[in-house]
Amino acid sequence: MLAMSSTPFFETHAVPLFLEKLSSSLLSAKVDSLKYLSDCVPKYGKGRMKQHAESIWSSVKETLYAAEPESTLSLTSELLDANQSQGNEVVREALVLLQKVVMQNDEKYSRLIISDAAINMIIDSTVNTCSDSNFSSVSMQKLHAVGCIMYASAKASSVCCSKLFGTYFLRLLNVIGFPDRNLSLCNTNGDVSLSQNLNVSALYLCIELLAACRDLMIDSTALKSEAAAAGETWPSNLKSYSACLIKGLSATLLSSPDQGTQDAIIYLGVKGLGILATLPEDFSSVPKSFFEDILQAFMTIFTTKYDNASLWSQATKELVLVGSYVSKHRDSERMLSFMSTVIDKMISLIFLDDGSIPLLVKLDTVCDIGTTYLKYMLRIFQGLEEVVSANFSNAKVNGNVKAAEIINQIMKRYTAKVLPCLGEAGEADDIIYHFAINIWGHVERSAFQYLSSDHEEKEMLSTTMMALKVAVSYCTVERQSKILEKAFNVLSSNVPSLSTASKSGTISPQMKDDNHTEELHNRQCMKERPLSALASVIIAVRPQTSIPNEREVAHLFVAALLEGHIPSAQALGSMFNKLHMKTNGDVLIVDLSVKELTSVLSCDPSNNGFTWSCSAKKDTGDEGLPHLSFDSEKASLVSSHAVRGLAWMAKGLLMRGHEKAYDIINILLSLLVQDETVNGLPIKHRLAYSDRDQKIMETAADAFEVIMGDSDICLNTRFHAVIRPLYKQRLLSTIMPLLLSEIRKCDSPSSRYMLYRASGHVLSNAPLGAVLNDSRKLIPVLVECLSLLSNDASNKENTYRLLLVLSAILTEESAAGQETVKENARIIIDCLIGLVAYPHKMAVRETAIQCLVALSRLPQTRIYPMKSQVLRVVSKAVDDPKRAVRLQAVRCREAWQSNSSQY
């Protein structure tokens, strides 16, 4: 491309060549031609390109007319927004070329457009047709092309905009129902009544011209003076029409024409009002009252058309654009109007929970609009805080489940939109800090305790804790320290059983008396809420933030996770990830926590029960370490919790690159094998094969998913985790040789299965490049993992992830990768054949067939022995109940049938 545009002397041969290629039936050829012309036009110059103007215009016009619609042509889908059609690459590139040639020679191309017989015929048909239902699909497509041409050319040049505006705009207004007499009514604050049979096609073209004028004004800072110097009148004409347009388009939102065109009219009315609201101040004569009328018209959508999701979405989109424009240009008067008319009213809609409008829709709308300006979001935050406080009180006093649902929805929006908007702006530290403190206030007042539904209580706790984590993550080190101080005050004053337990050495002894079941549940909940809040804070703090009483906190989390409190395990991992590790005390905390958890695994549960206490207690003389009593039925569950805790601790240490992580990983490996050794070390925790041991082995295998996987809720950059580069690659190169060695030595079917299960988690979560670099060794174990794990429905997600890894290896174009695939073609095909009929997940079947398509490109000598078997299996897949699978099966069958002719 650079070569063709390097000198204007290529113009004589290049331009005709590119125009000729535009007639090709290949879409790629059309796209390339348009791209080359767009690049060459400004470099060849106006003088040389002038002689090709008619040819270029004709080619661009025919390209736009001939562009195939993506779906069945209809007024709503094809005429609403010209920018939507530009998803078609040919159309997009044609419009780019049109803009460039118009910018280069606006006088010439404006004459060509205005005098074009086809365009005038389409516009005359629009003007003379009362009902849009009389248009054929071809006519609709051409009308849509005319709209694209008007928008692109008018936006490119003030001269072209002036000519198109003067030629068509007033004529289209008259067709829509804006006769000259209505213009005078507008100036005297009269009402505008549009025709009941509104011409939607004319309205569409009118809106496209308006959009082009607005975009041209915004893009051209010196446009007003240039237009005045050139004697152009379209800016002043637009001023005189704007008030009338606002009233007329506002009326369309309240009109009730036939159902076939109603959505299109309202959609175009919303778009037109958005354009008028964002006209630059130098050009717009829209006073404050008219601007507020536009905003009120938008609000009409939210209060009267709430059952139409697409219109609600379009109104939200336009309000986001209006809010962004007003805040960007610092129009204080309009900003105040926007705040009072839109933001405050949307907040009042949230307070008015009458059930007519789903709360989720209202929250998404107000949060999307709030992202346009920090002050808007601060007002929204203030309003939502009032809603949250009222509903926390309602939930506590009345146990209201509906109040909990409202809190859940608001907390989710806090996490996803509100807090990130405030935190990234960097100007709302105080507000975010007080939000975190307020959550601790709700914890202190036991606001989560009185719900009638355990499910709602847990969900409300979960969403609130996630919002707390996000809030703490945006706070400074100093404010995070204050939040931690508040947390420990709540723990010591509101939940005395926790502090007493840590001092007395007993936490939650097993209670077997049925009369105390409710009391036990209440005590468990009282611990879970403040512990969850403390865990959320620990997870989100920065590495520079000092955590007081680190050893006591670690012991508290260890005891909690043994009772099944997973956030405590995640907090331990985050805590160890951010410890300075510069003193023996920090290392001792890690060692003690690991020893506490492994002591659970070494307990003998064969008696009626067992008591766990830290074996390090004697060595350290620490009388503050907790102990737990469990019966034999709970032993398996407690051991599984201990394994999960070790997994999160290993993850936190591994991410920072600390060698202690590998000590924990060796412990996890030891739980996967029986009577074996790991890395030359004797196994200290041999397990007798039982149901309990089987559960522990499964948990140990799944621990590698925790270690290798990415987490959204902790140990990530969002929550300031310390991450050493390439830590996953290092673990892959370290752990896979150990796993492969154990697999070769293992004789127990259950242990072998668990080793493959762990290997599957490692391979599916490892960086693809690291797997590709060692594909020769990893393909056999990858295939074996797929074969074994696919037999269990509970492994369907991991099976799919492993299949994606295999697919990436098969499509790798490097010589080494292809050679590895050739060497293992038979075992790969055998595995994929078994997955073609995988019943538990459609994506597995589809991906397996896609992999077979990739394998069909291998040399005939490699795959011919399996050809008949593949075709037989794929022929059955042609009858799969899912269409995506059937399509891939047909493609695969054709690929394998034609394979023999390629070699």
Side-chain angles (χ1 to χ4, degrees), residues 752-753 756-757 759-766 768 771-772 775-776 778-813 817-903:
R752 189 178 182 85
Y753 171 79
Y756 274 116
R757 184 165 172 167
S759 301
H761 287 308
V762 172
L763 291 173
S764 62
N765 289 285
L768 184 58
V771 177
L772 291 173
S775 59
R776 185 180 296 273
L778 297 180
I779 280 184
V781 67
L782 177 60
V783 172
E784 189 65 24
C785 286
L786 279 169
S787 300
L788 288 176
L789 298 180
S790 61
N791 295 325
D792 188 350
S794 64
N795 294 317
K796 61 182 180 181
E797 295 300 331
N798 198 26
T799 299
Y800 179 56
R801 291 196 299 266
L802 285 169
L803 193 56
L804 292 178
V805 175
L806 179 61
S807 175
I809 294 174
L810 296 179
T811 55
E812 172 65 20
E813 298 181 356
Q818 288 300 308
E819 190 62 31
T820 303
V821 171
K822 292 176 186 177
E823 293 174 0
N824 296 276
R826 176 176 286 276
I827 65 170
I828 295 174
I829 292 175
D830 287 341
C831 175
L832 293 173
I833 286 174
L835 294 174
V836 169
Y838 188 75
H840 307 299
K841 192 176 180 68
M842 182 271 289
V844 171
R845 303 196 298 274
E846 183 183 8
T847 308
I849 298 173
Q850 290 172 343
C851 290
L852 287 172
V853 173
L855 286 166
S856 69
R857 304 184 184 99
L858 293 179
Q860 181 77 0
T861 54
R862 291 282 185 180
I863 63 174
Y864 184 78
M866 290 80 75
K867 181 175 181 179
S868 59
Q869 189 179 3
V870 171
L871 290 175
R872 185 164 55 251
V873 172
V874 171
S875 296
K876 295 180 181 179
V878 173
D879 297 324
D880 192 276
K882 297 296 184 179
R883 183 172 183 271
V885 178
R886 296 197 298 269
L887 291 175
Q888 292 300 327
V890 171
R891 179 184 170 213
C892 181
R893 184 173 60 184
E894 293 175 353
W896 277 80
Q897 286 175 343
S898 62
N899 177 272
S900 58
S901 63
Q902 298 177 8
Y903 298 94

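Along the sequence shown, the residues carry numbers beginning at 1.
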Quick one: pull up [atom1] in [X] and [atom2] in [Y] and give me the separation to the nearest 0.5 Å.
X      : Y      : atom1 : atom2 : result
Leu789 : Ser759 : CG    : OG    : 9.0 Å
Ser775 : Glu823 : OG    : CD    : 9.5 Å
Arg872 : Lys867 : CZ    : NZ    : 13.5 Å
Ile849 : Cys892 : CD1   : SG    : 6.5 Å
His840 : Asn795 : NE2   : CG    : 9.5 Å
Arg752 : Glu784 : CZ    : CD    : 6.5 Å

Taking the side chain from [X] and the backbone from [Y], do they hold a donor-acceptor pair closer than 3.5 Å?
X      : Y      : result
Ser807 : Leu803 : no
Arg845 : Tyr838 : yes
Thr847 : Val844 : no

What heavy-atom pair brings [X] and [Y] nearest, and what distance separates the two atoms?
X      : Y      : result
Leu772 : Ala808 : CD2-O, 4.2 Å
Asn798 : Arg757 : ND2-O, 4.3 Å
Leu835 : Ala848 : CB-CB, 3.8 Å
Lys822 : Arg862 : O-NH1, 3.4 Å
Cys851 : Leu832 : CB-CD1, 3.5 Å
Cys831 : Ser787 : SG-OG, 3.8 Å

**OP:** Just do the side chain to side chain contact (heavy atoms under 4.5 Å, CB included) check on Val870 and Ile863 with the steps written out, would you?
**Re:** CA-CA 10 Å; Val870 171; Ile863 63 174; over 6 Å; no
Hey, are the side chains of [X] and [Y] touching, using non-hydrogen atoms and a 4.5 Å cut-off?
X      : Y      : value
Thr799 : Lys841 : no
Leu855 : Val821 : yes
Leu782 : Val771 : no
Leu810 : Gln850 : no
Ser764 : Glu797 : no

**OP:** Give a yes or no on this: more than 12 heavy atoms of other residues, nucleotides or ligands lie within 6.0 Å of atom NZ of Lys796.
**Re:** no
Original post:
Is Arg886 atom CZ crowded by more than 12 heavy atoms from other residues, nucleotides or ligands, each under 6.0 Å away?
Top reply: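 Result for CZ/Arg886: enclosed.
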**OP:** Output yes when Glu819 and Arg776 qualify as a salt bridge under the 4.0 Å nitrogen-oxygen rule, no when they do not.
**Re:**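 A salt bridge is absent here (no side-chain N lies under 4.0 Å from a carboxylate O).
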**OP:** Any chance you could lay out the side chain to side chain contact (heavy atoms under 4.5 Å, CB included) test for Asn791 and Tyr753, step after step, and finish with the verdict?
**Re:** CA-CA 11 Å; Asn791 295 325; Tyr753 171 79; over 6 Å; no
**OP:** Decide side chain to side chain contact (heavy atoms under 4.5 Å, CB included) for Val805 and Leu778; before the verdict, give the C-alpha distance in whole Å, the side-chain angles of both, and the deciding distance to 0.1 Å.
**Re:** CA-CA 11 Å; Val805 175; Leu778 297 180; over 6 Å; no
